[in-house]
Amino acid sequence: MNLITANKNQRDSQLVDPNCVAASSSSNHKKSPSNWKVVSLLFFLIGLPAIPAIFIVALVLLGPDAIVEASSLINARYFELPAAILVHGVSGIVFFFSLPTQFSTRLRITRPKMHRLMGRFAVVSACLMAISGVWMHLVFSPTDLGARFISLVIVAIAICVSFSIAIAFAMKKNIVAHKLWVTRAVAVTLAVVTPLFLEVILSLFINITSPMGELAMSVLHDYDRLIGLVLNVLVVEVCMAKKRFNLSIRNMKHVTQLK
């Protein structure tokens with residue numbers, strides 16, 4: 001009887017012992033999946049435009065005479081009208097550092113406050129980046145208001161709307177819908193990156209100097225963002241549908257085993 005009581009007291013003391021709690025918490029943190037493949041992929045994809053933006057922002061802030069050789073590589077008008085490029089560049093850099101961490105399962109479980117803070121940075125920077133992208137076009141290409149500009153406006157609106165919906169679901173505590181819409185919002189945002197890969201693919205399979213190649217490149221130039229938007233959203237929707245299907249199959253097997 002004394003042995004049972006002693007064991008019970010020991011277990012009770014462990015329940016309130018901060019060291020035991022910390023050890024247990026640390027163990028759980030280590031077991032939490034990190035989803036590092038998705039996070040790494042997002043850092044790579046967003047980094048394609050974001051890393052050059054770091055250097056462009058730095059050069060614009062330093063001025064055209066600070067590093068003449070490097071400054072000659074970027075648009076000279078960036079130095080004359082720096083506001084739009086600075087807002088767009090800085091918001092893109094913030095988005096680069098904040099968005100991929102939203103897909104870190106470990107961060108979401110172990111540091112929920114940090115997850116929410118980085119999420120706010122990601123949403124605000126995404127919307128600023130989208131709006132300032134339109135602003136940049138109006139500043140540096142004010143006469144080009146054709147298909148390329150319309151595509152840019154559509155993608156910018158889609159970015160702001162999709163992230164807004166994701167935040168609305170988060171505020172309603174509907175985490176499942178929140179995750180779905182964050183994924184869609186990222187797919188929409190990456191519509192500006194997808195054309196880089198499409199251009200490489202076209203150059204591999206089509207002679208871009210031929211009439212067909214010139215037509216393809218012309219269409220890609222005018223509608224590249226819209227094409228990227230449609231492709232990205234289709235890929236995401238197919239992946240999510242496949243995930244839901246696999247989950248339903250597993251649930252059916254589980255129910256069958258219980259019977």
Side-chain angles (χ1 to χ4, degrees), residues 39-101 118 121-157 159-160 163 186 188-204 208-209 213-214 217-229 232:
V39 174
S40 301
L41 179 62
L42 288 174
F43 269 120
F44 169 72
L45 293 175
I46 301 172
L48 291 176
I51 292 174
I54 295 173
F55 293 99
I56 292 172
V57 168
L59 288 172
V60 171
L61 289 174
L62 290 171
D65 299 325
I67 308 175
V68 178
E69 296 82 2
S71 298
S72 63
L73 299 176
I74 65 175
N75 192 335
R77 296 194 66 198
Y78 289 171
F79 298 103
E80 300 170 6
L81 302 166
I85 186 65
L86 287 177
V87 172
H88 189 69
V90 171
S91 58
I93 294 166
V94 173
F95 186 76
F96 168 63
F97 286 108
S98 59
L99 188 278
T101 61
M118 297 298 280
F121 278 125
V123 171
V124 173
S125 61
C127 293
L128 280 176
M129 185 171 58
I131 295 168
S132 61
V134 177
W135 180 19
M136 272 185 61
H137 188 99
L138 292 173
V139 170
F140 299 113
S141 304
T143 59
D144 183 7
L145 301 177
R148 187 168 177 78
F149 175 71
I150 294 171
S151 300
L152 175 62
V153 172
I154 291 172
V155 171
I157 293 172
I159 290 171
C160 295
F163 271 108
V186 172
V188 172
T189 307
L190 290 175
V192 299
V193 177
T194 302
L196 299 176
F197 297 98
L198 294 178
E199 202 169 314
V200 173
I201 294 170
L202 277 177
S203 64
L204 290 175
I208 59 175
T209 60
E214 289 179 355
M217 294 304 292
S218 176
V219 171
L220 184 62
H221 177 268
D222 289 337
Y223 300 99
D224 57 352
R225 295 181 181 94
L226 279 183
I227 295 170
L229 173 64
N232 289 359

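No hydrogens, no waters, no symmetry mates; every other heavy atom, side chains included, goes into these values.
Residues Ile85 and Val57 form no side-chain contact, since every pair of their non-hydrogen atoms from C-beta on lies 4.5 Å or further apart. When side chains are defined from C-beta on, Val87 does not count as touching Met136, because their heavy atoms never get closer than 4.5 Å. Using a 4.5 Å cut-off on side-chain heavy atoms (C-beta onward), Val193 and Phe44 make no contact. Within the 4.5 Å cutoff, no side-chain heavy atoms of Ile159 are placed close to those of Met129. No side-chain heavy atom of Asp224 sits under 4.5 Å from any side-chain heavy atom of Leu198. Annotation: side chain of Ile46 is in contact with side chain of Leu190 (closest heavy-atom distance under 4.5 Å). Counting only heavy atoms from C-beta outward, the side chains of Leu61 and Leu86 approach each other to under 4.5 Å. Residues Phe149 and Val134 form a side-chain contact, since some pair of their non-hydrogen atoms from C-beta on lies under 4.5 Å apart.
Trp135 contributes atom CH2, which lies 9.5 Å from atom CG of Leu81 (distance to the nearest 0.5 angstrom). To the nearest 0.5 Å, atom CG of residue Asp144 and atom CG of residue Asp222 are 8.0 Å apart. The distance from the CD atom of Glu199 to the CG atom of Leu204 is 11.0 Å, given to the nearest 0.5 Å. With rounding to the nearest 0.5 Å, the separation of CZ in Phe96 from CD1 in Ile51 is 4.5 Å. A distance of 11.0 Å separates OG of Ser40 from CG of Leu45, quoted to the nearest 0.5 Å. A distance of 10.0 Å separates CD1 of Ile157 from CG of Leu152, quoted to the nearest 0.5 Å.
For Thr194, the side-chain hydrogen bond (donor to acceptor under 3.5 Å, both in side chains) criterion is met by Asn232, not counting sequence neighbours. Listed by chain and residue number, Asn207 satisfy the side-chain hydrogen bond (donor to acceptor under 3.5 Å, both in side chains) test with Thr209 (two or more places apart in sequence, or in another chain).
Nearest approach of Ala130 to Cys160, heavy atoms of both residues: CB-SG, 4.2 Å. Of all non-hydrogen atoms in Gly63 and Ser71, the two that sit nearest each other are O-OG, 3.8 Å. Counting all heavy atoms, side chain and backbone alike, Phe163 lies closest to Thr189 at CE1-OG1, 3.4 Å. Across every non-hydrogen atom of Pro142 and Val139, the tightest pair is CD-O, 3.8 Å. Taking every heavy atom of both residues into account, Ala50 and Ile93 meet most closely at O-CG1, 4.2 Å. Between His88 and Ser132, the shortest heavy-atom contact is ND1-OG, 3.0 Å.
Counting non-hydrogen atoms of other residues, nucleotides and ligands closer than 6.0 Å to OH of Tyr223 gives a total of 12 or fewer. Remark: Phe55 CZ is loosely packed, at most 12 non-hydrogen atoms of other residues, nucleotides or ligands lying under 6.0 Å away.
Taking the six-membered ring where the residue is Trp, the centroids of Phe121 and Phe95 are separated by 6.0 Å or more.
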**Report entry** Check against side-chain contact (heavy atoms from CB on, under 4.5 Å), Thr101 and Val39
**Finding:** CA-CA 6 Å; Thr101 61; Val39 174; 5.7 Å; no
